[in-house]
Number of protein chains: 2
Amino acid sequence: MRSALEGHTDSGARDRDLTTRARVRDAAITVFGEQGFGTGVRAVAAAAGVSPGLVNHHFGSKDGLREACDEHVLALIRAAKTEALTRPSATGLLQQLADVEEYAPLVAYLVRSYQAGGELAQHLFEHIVVTTEQYLSDGVAAGTLRPSRDPAARARYLAMQSLGSTLLFLQMRGERGGPVDWGRAIRELTDGIMLPALELYTEGLFTDSTFLDAVVDQRAGTEGDTTHHYSDHRENR
Amino acid sequence: MRSALEGHTDSGARDRDLTTRARVRDAAITVFGEQGFGTGVRAVAAAAGVSPGLVNHHFGSKDGLREACDEHVLALIRAAKTEALTRPSATGLLQQLADVEEYAPLVAYLVRSYQAGGELAQHLFEHIVVTTEQYLSDGVAAGTLRPSRDPAARARYLAMQSLGSTLLFLQMRGERGGPVDWGRAIRELTDGIMLPALELYTEGLFTDSTFLDAVVDQRAGTEGDTTHHYSDHRENR
DNA sequence: CACTCGATTGAACGCCTGTTTAATCTATTG
DNA sequence: CAATAGATTAAACAGGCGTTCAATCGAGTG
């Protein structure tokens, strides 16, 4: 005899009528997000309104609970993929998530996941990289973005900068006790970086291209196979 | 009767002839850096070759030990300030630190500090921000860097991007067990981002300035006091 | 030499952790 | 209705944690 919703994707269900297993899992995501993965099984059980022994009965161990949380979070994000993951920057992605009321605890959980490392963080980062690469490629094709000598490296670089700075900001913002309004925090972040980011993206930082020229020349000399050179690239001054 | 080196800045001393207190502190920095702040007092004591009770005799509690480590790390970085902290980017700073054999454990400890939050992380970040602002200001004065409509915001933005992406890279690189060669890791990071970073810094990303113009116009309309506008800023295409 | 004070140790004390176990409750099946 | 299987609970277990305490060591002082 199998349990009612075993194996189901219960994303559409509302708050109250969930499997106990699902309620424990969701409580764990919230508690882990708010207080970190060091939080004990008993705290999770209390938040879910069940006994400590039950969580191990459903998930085997604390690691099993953690894995179930990771899988569920990844599934939720992939479900919201159409709108959220098409955004180019990590800030845009997290903003999108934090604005939807139901997904708010996910942001805290994701920040914790990156702090703690693990597969979810790496997997999600690689996903952001390929999404960014596609977005940049589209922009180049449309003529709104400049082409790069190494599009893959540029996508990884921009994704790393965006996600890294966002996480750094959220960690620092979230470290002083009490629950955080992630939507508001990300909005503040966006406000603060909007101007300098656009300045950098449209005007650059250097007044001449000597640094870039040096690296391009050096690469053309040492490794002639991996990099595409199109030396007809337009100078910007 | 006071102990021999109590209150001294023993930065110049070599490995063996240190106060026991200093040896425990250094062992703690290493162990915390390698295994995180969750590591027990007993492990630190074992690494220092002393009994668990002794560390609390010298530092009062584990929190006291942590504070002593933070203070010492901050002191070490400030001592190396002349060379290290004048670098504009966080990558440069950490590269500088990781290359000096003696400071290698510091990098791991710093990464852990940022993961865990706390005063050291915030304090160091603010220090990087003001250093970056000074560096950018010098570059603008020398004519090698473009001026910004909001130099403080640009400095904070660039510092956040640099430090954030570096930390993200190092966390992901360092999460698979065993000690990490931080110098090599940072060098790989530098290699990977060099080209796209210089591309972005000299040529920008957008082909026109419509996005930037929109934000600049909007800011000029809503808030006329905090931002300096010099509308004679040069367009780059 | 006797004394004293800090360094140092090993063991102990609660406390909290993850996990296990036996018993109870619930509800579906034959 | 009786039986059975799963959900659920309270309690206990072993282990690690930070911390404390009494005892020992070692050297400098009167």
Side-chain angles (χ1 to χ4, degrees), chain A residues 1-8 10 13 15-70 112 116 118 177, chain B residues 1-8 10 13 15-70 112 116 118 177:
Chain A
M1 188 179 316
R2 70 173 57 108
S3 107
L5 296 178
E6 189 96 63
H8 274 207
D10 42 4
D15 198 296
R16 203 45 62 182
D17 47 13
L18 287 172
T19 314
T20 307
R21 182 189 151 96
R23 273 194 298 117
V24 173
R25 179 204 347 94
D26 289 354
I29 292 177
T30 302
V31 171
F32 284 157
E34 286 175 352
Q35 313 183 28
F37 293 111
T39 315
V41 177
R42 287 167 175 83
V44 174
V50 300
S51 72
L54 188 60
V55 358
N56 266 14
H57 173 261
H58 281 297
F59 300 95
S61 68
K62 189 183 179 181
D63 287 335
L65 174 62
R66 170 79 189 276
E67 289 176 20
C69 289
D70 278 10
R112 299 283 181 189
Chain B
M1 187 179 317
R2 69 172 59 107
S3 102
L5 295 178
E6 189 95 62
H8 274 206
D10 42 6
D15 199 294
R16 203 44 62 183
D17 48 10
L18 287 173
T19 314
T20 307
R21 181 188 153 96
R23 272 194 298 118
V24 172
R25 184 214 328 106
D26 290 355
I29 292 177
T30 302
V31 172
F32 284 156
E34 285 174 353
Q35 313 184 30
F37 294 112
T39 316
V41 177
R42 289 167 175 83
V44 174
V50 299
S51 72
L54 188 60
V55 359
N56 267 14
H57 174 261
H58 280 298
F59 300 95
S61 68
K62 189 185 180 181
D63 287 334
L65 174 62
R66 170 79 190 277
E67 288 177 21
C69 290
D70 278 11
R112 298 283 182 189

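Residue numbering restarts at 1 for every chain, and letters A, B, ... go by the order of the sequence lines. Small disclaimer: the values here were computed from a predicted structure and weren't measured.
- Counting only heavy atoms from C-beta outward, the side chains of Phe37(B) and Lys62(B) never approach each other to under 4.5 Å.
- Annotation: proximity of residues 50-58 of chain A to DNA chain D (heavy atom, distance under 4.0 Å) is found for Val50(A), Ser51(A), Gly53(A), Leu54(A), His57(A), His58(A), numbered in ascending order.
- Minimum interatomic distance between Thr39(B) and Ala43(B) (heavy atoms only, all atoms of both residues): CG2-CB, 3.6 Å.
- Nearest heavy atom pair, residue Arg42(A) against residue Pro52(A), reads CG-CG, 3.8 Å.
- Of the residues in residues 26-44 of chain A, Thr39(A), Gly40(A), Val41(A), Arg42(A) come within less than 4.0 Å of DNA chain C through at least one heavy atom, sorted by number.
- In this structure, Asp63(A) places its CG atom 12 Å from C1' of dT19(C), rounding to the nearest Å.
- Of the possible polar contacts, one joining the Arg112(B) side chain to the Gly33(B) backbone as a donor-acceptor pair under 3.5 Å is found.
- Counting heavy atoms from C-beta outward, Phe59(A) and Arg21(A) have side chains that approach closer than 4.5 Å.
- Of all the heavy atoms in Ala48(A) and Ala27(A), the pair that sits closest is CB-CB, 3.7 Å.
- The distance between atom NZ of Lys62(A) and atom P of dT17(C), rounded to the nearest whole Å, is 9 Å.
- Side-chain atoms of Leu65(A) and Val41(A), non-hydrogen and from C-beta on, never get closer than 4.5 Å to each other.
- You'll find the side chain of Thr20(A) reaches within 4.5 Å of the side chain of Arg23(A), heavy atoms only.
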